[in-house]
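The chains referred to below are lettered A, B, ... by the order of the sequence lines, with proteins before strands, and numbering in each begins at 1.
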Amino acid sequence: METIAKDGMTPFELAARDPEMKKQALAARVNGAVAELWHPLAAGDQVELLTFADEEGRRTYRHTASHIMAQAVKAVRPGTKLAIGPAIDNGFYYDFDTEEPFSTADLAAIEKEMSRIVKANEKLERFELPRPDAIRYMEERGEPYKVELIQDLPEEAVISFYKQGDFVDLCAGPHLPSTGRVKAFKLTHVAGAYWRGDEHNKMLQRIYGTAFPTREELDAYIARMEEAKRRDHRKLGRELDLFSLVEEGPGFAFFHPKGMVLRNLLEEYWRKMHKDNGYSEIRTPIMLTKSMWEQSGHWDHYRDNMYTTLIDDVEFCVKPMNCPGGILVYKNKMHSYRDLPLRMAELGLVHRHEMSGALHGLMRVRAFTQDDAHLFMTPEHIKDEIKGVIRMDCEMYDTFGFKYSVELSTMPEDHMGDEADWEKATETLRQALEEVGMPYVINEGDGAFYGPKIDFHLEDCIGRTWQCGTIQLDFQMPERFDMTYVGQDGEKHRPVMVHRTILGSMERFIGILIEQFAGAFPAWLSPVQVKLLTITERGDARAAEIERLLDAAGLRAEKDLRNEKIGFKIREAQMEKVPYMLVIGDKEIESGEVAVRSRKDGDLGVMALDTFIARLKEEVATKAM
RNA sequence: GCCAACGUAGCUCAGCCGGUAGAGCAGCGGUUUCGUAAACCGCAGGUCAAGGGUUCGAGUCCCUUCGUUGGCUCCA
């Protein structure tokens with residue numbers, strides 16, 4: 001809703017003209033800047049009213065909720081010091097410095113106090129103070145963290161505060177006009193968090209919560225979280241017998257037979273795609289001498305995460321990345337400009353000593369297989385090669401129905417090489433993205449230590465994002481390893497190198513796949529595609545025969561000949577999320593047909609076995625979802 | 001690594017104020033031969049994560065270590 005204001009009005013008065021908007025308006029955008037509903041307007045101001053549907057409206061709403069929580073914490077735990085409390089994607093948090101950590105019981109007490117504050121409908125008021133007054137004010141109130149924040153604000157900054165009841169917080173705003181406008185909230189969990197995100201600083205207590213305009217929306221959010229728990233790949237991985245993680249090997253996944261079928265199918269598809277795109281495949285050792293890692297620069301930049309060992313008095317490092325292997329293969333012989341671009345893929349097993357607290361199912365492990373590839377080329381090839389990789393990424397993700405977003409990461413503080421090279425490399429990546437029409441955002445300072453990169457982030461079923469694909473441009477390694485090719489002029493030249501993954505890691509991608517499909521994989525990926533269910537032992541021979549025929553057709557079948565009722569066998573097959581069940585009783589033995597049941601649609605009735613096989617083969621061939 | 005919570009049978013969980021461990025499912029053995037999401041009976045299964053301490057006595061209280069979970073930090 002866009003409108004032009006009259007002098008002396010407020011956005012709230014504008015909203016009041018429309019009964020719907022009066023209820024929904026949370027903040028306003030005035031001439032491009034977000035402001036409160038009570039912000040005084042001048043004649044001709046461009047005003048857009050913001051509701052919960054707008055990101056800024058959502059943030060304003062939840063930011064006020066976080067202030068209410070902080071106020072409640074101050075009441076429940078007097079003497080608590082305030083740190084920071086912003087709105088985040090799905091809610092808000094506030095960091096506190098307390099004597100005693102919070103418990104779940106405390107959350108209930110804080111929620112109760114929050115309800116009281118909401119009911120009291122206290123007005124939020126903004127005021128500004130000059131810097132020395134602001135510092136003194138926060139010192140008097142016993143808020144050392146706020147004092148530190150003020151001291152770090154730039155000289156010219158306006159130092160604003162928000163007050164509701166006896167609670168005052170340093171805050172840029174905007175906020176809702178009063179606490180009564182926060183209708184539905186819930187505190188979700190407590191966690192430790194370092195002051196200013198720095199692990200050398202004190203660990204504070206963070207309380208997370210979320211807030212919605214209606215009870216129904218909050219309930220829907222809670223239901224979504226429950227659904228996420230139901231889809232958790234760690235739970236499904238155990239239930240479907242795909243993989244396990246045990247105490248004896250923290251961060252090192254065990255793949256079970258069914259998980260291995262899935263993994264091999266994924267690799268098979270991956271290999272086909274790479275072959276079609278002009279890649280060759282290599283495999284390089286998981287250990288190389290430490291001196292090699294010093295040459296590559298990994299030892300300097302990455303040693304804290306590397307596993308090392310001693311072999312015959314020589315130090316070796318287990319590879320945390322595959323690139324040196326690819327480089328050594330390249331350097332094994334002379335290359336002509338005619339060989340380039342050279343695309344060498346490797347499903348490479350890497351080990352990284354991740355911090356114990358970072359481990360998370362298959363998503364974050366200490367040993368994983370990257371679907372890596374290294375591309376060697378002349379500078380003229382760069383843009384087309386990058387565009388080619390981007391297209392492969394899109395094809396792969398579309399196959400599984402993933403949504404994804406792209407980031408371009410620039411030079412980090414800890415980097416090799418001079419800034420001009422970085423500038424040039426970054427610009428090339430940008431051009432490639434522009435030319436394929438791929439929307440992207442810049443991620444400042446997040447590149448690899450040897451070059452800028454393009455990252456693909458997949459969005460999972462509950463909106464979490466996972467980095468999978470990455471394309472990294474590298475001018476450094478070719479220098480360090482003195483890589484060359486012979487040009488048309490007969491002289492030696494330096495090739496350019498691109499590192500890239502599409503799936504990221506097989507482990508993480510499988511974890512994401514499990515959650516994406518809630519374990520109910522499309523037929524082409526299902527470890528077991530057909531379950532043969534006999535009604536009595538008279539069906540055993542026919543089941544064995546059908547199993548042979550399905551196997552001959554390249555389909556994966558399993559039979560359930562146990563002395564159980566058909567209802568029980570169906571229940572188990574459904575829970576195993578097998579796409580098709582064939583019920584084999586006396587009628588089917590007699591007719592030679594099969595009674596088909598689909599995981600999704602239930603009983604499909606009787607059909608000829610050939611018809612069923614043709615239908616399933618088609619479903620597999622098209623990778624139908 | 002840091003903060004917090006948790007760790008009891010393969011899985012999900014009970015076990016009160018400290019008195020020596022229990023259920024369902026799964027497994028195994030029987031009975032039953034059955035038509036689209038759980039037949040019945042029985043059996044077996046545990047150094048209560050590991051180690052130490054307090055106590056006449058510890059699954060329960062305290063300490064240490066390991067692991068898991070949620071975050072922080074880091075990241076494919």
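- Distance CD1 (Ile207(A)) to C1' (A5(B)): 15 Å, rounded to an integer number of Å.
- Ring-plane geometry between Phe449(A) and His301(A) is classed as parallel, the angle between the planes falling under 30 degrees on a 0 to 90 degree scale with a further cut at 60.
- The main-chain N or O of Gln516(A) is found under 3.5 Å from a side-chain atom of Arg231(A) such that the two form a donor-acceptor pair.
- Checking side-chain atoms of Thr534(A) against main-chain N and O of Glu537(A) turns up no donor-acceptor pair under 3.5 Å.
- The closest donor-acceptor contact from the side chain of Arg599(A) to the backbone of Tyr580(A) lies at 3.5 Å or more, if one exists at all.
- When rounded to the nearest whole Å, the span between CG of Leu204(A) and P of A4(B) equals 12 Å.
- The minimum heavy-atom distance between Ala595(A) and Glu588(A), with the atom names listed, is CB-OE2, 3.5 Å.
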Show your reasoning for whether side-chain hydrogen bond (donor to acceptor under 3.5 Å, both in side chains) applies to His499(A) and Asp372(A).
CA-CA 7 Å; His499(A) 312 242; Asp372(A) 219 335; 5.7 Å; no

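- At a threshold of 4.0 angstrom between heavy atoms, the contacts of Arg234(A) are confined to the sugar-phosphate backbone, with no base atom among them.
- Taking atom CG on Leu245(A) and atom P on G10(B), their separation rounds to 18 Å, with Å as the unit.
- Position along RNA chain B of the nearest nucleotide to Gly249(A) versus Arg238(A) favours Arg238(A) as the more 5'-ward residue.
- When rounded to the nearest whole Å, the span between NZ of Lys202(A) and P of A4(B) equals 11 Å.
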Counting primed atoms plus P, OP1 and OP2 as sugar-phosphate and everything else as base, spell out the protein contacts along nucleotides 71-76 of chain B at 4.0 Å heavy-atom distance: B, S or - for each nucleotide, 5' to 3'.
BBBBBB

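- Evaluation of the side chain to side chain donor-acceptor pair (under 3.5 Å) rule for Ser296(A) yields His298(A) as partners, not counting sequence neighbours.
- Distance from the side chain of Gln205(A) is smallest for C3(B) among the nucleotides U12(B), C3(B), G1(B).
- Under the 30°/60° scheme for interplanar angles, the aromatic rings of Tyr145(A) and Trp195(A) are found to stand perpendicular.
- Spacing of P atoms, G27(B) relative to U68(B), comes out at 28 Å, to the nearest Å.
- Remark: Phe402(A) engages Phe509(A) in a ring-ring contact (aromatic ring centres under 6.0 Å, His included) (not counting sequence neighbours).
- Atom P of C16(B) sits at a distance of 25 Å from the matching atom of G53(B), rounded to the whole Å.
- For A4(B) and G46(B), the P atoms lie 35 Å apart once the distance is rounded to whole Å.
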Protein proximity profile, nucleotides 36-42 of chain B - base contact B, sugar-phosphate-only contact S, no contact -, cut-off 4.0 Å on heavy atoms:
BBBB---

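- A glycosidic torsion no more than 90° from 0 defines the syn conformation; C40(B) lies beyond that range and is anti.
- Separating the C1' atom of C63(B) from that of G45(B) is a span of 33 Å, rounded to the nearest Å.
- Side-chain atoms of Asp95(A) do not come within 3.5 Å of backbone N or O of Leu204(A) as any donor-acceptor pair.
- When base pairs are accepted only as Watson-Crick or G-U wobble with both N-N or N-O distances under 3.5 Å, RNA chain B takes part in stems of 3 or more pairs at B:1-7 with B:66-72, B:10-13 with B:22-25, B:27-31 with B:39-43, B:49-53 with B:61-65.
- Separating the CG atom of Asp232(A) from the P atom of C11(B) is a distance of 16 Å, rounded to the nearest angstrom.
- Only the P atoms considered, A37(B) is 29 Å distant from G30(B), to the nearest whole Å.
- The aromatic rings of His353(A) and Tyr307(A) stand perpendicular to each other, their planes meeting at an angle above 60°, with 30° marking the opposite boundary.
- On the P atoms, G19(B) is 16 Å away from C48(B), given to the nearest whole Å.
- Computed from coordinates, the Arg562(A) CZ to C28(B) C1' distance equals 14 Å when rounded to whole Å.
- Trp422(A) pairs by the side chain to side chain donor-acceptor pair (under 3.5 Å) definition with nothing, not counting sequence neighbours.
- Across G67(B) and G51(B), the matching C1' atoms stand 15 Å from one another, rounded to whole Å.
- We find that CD of Glu239(A) is positioned 17 Å from P of C25(B), with the value rounded to whole Å.
- The side-chain contact (heavy atoms from CB on, under 4.5 Å) test with Arg263(A) singles out one residue from Glu507(A), Glu268(A), Lys258(A), and that residue is Glu507(A).
- If you take CG of Leu561(A) and P of U33(B), they are 18 Å apart, rounded to a whole angstrom.
- Lys569(A) comes within 4.0 angstrom of nothing in the nucleic acid, heavy atoms only.
- On the C1' atoms, C40(B) is 13 Å away from C34(B), given to the nearest whole Å.
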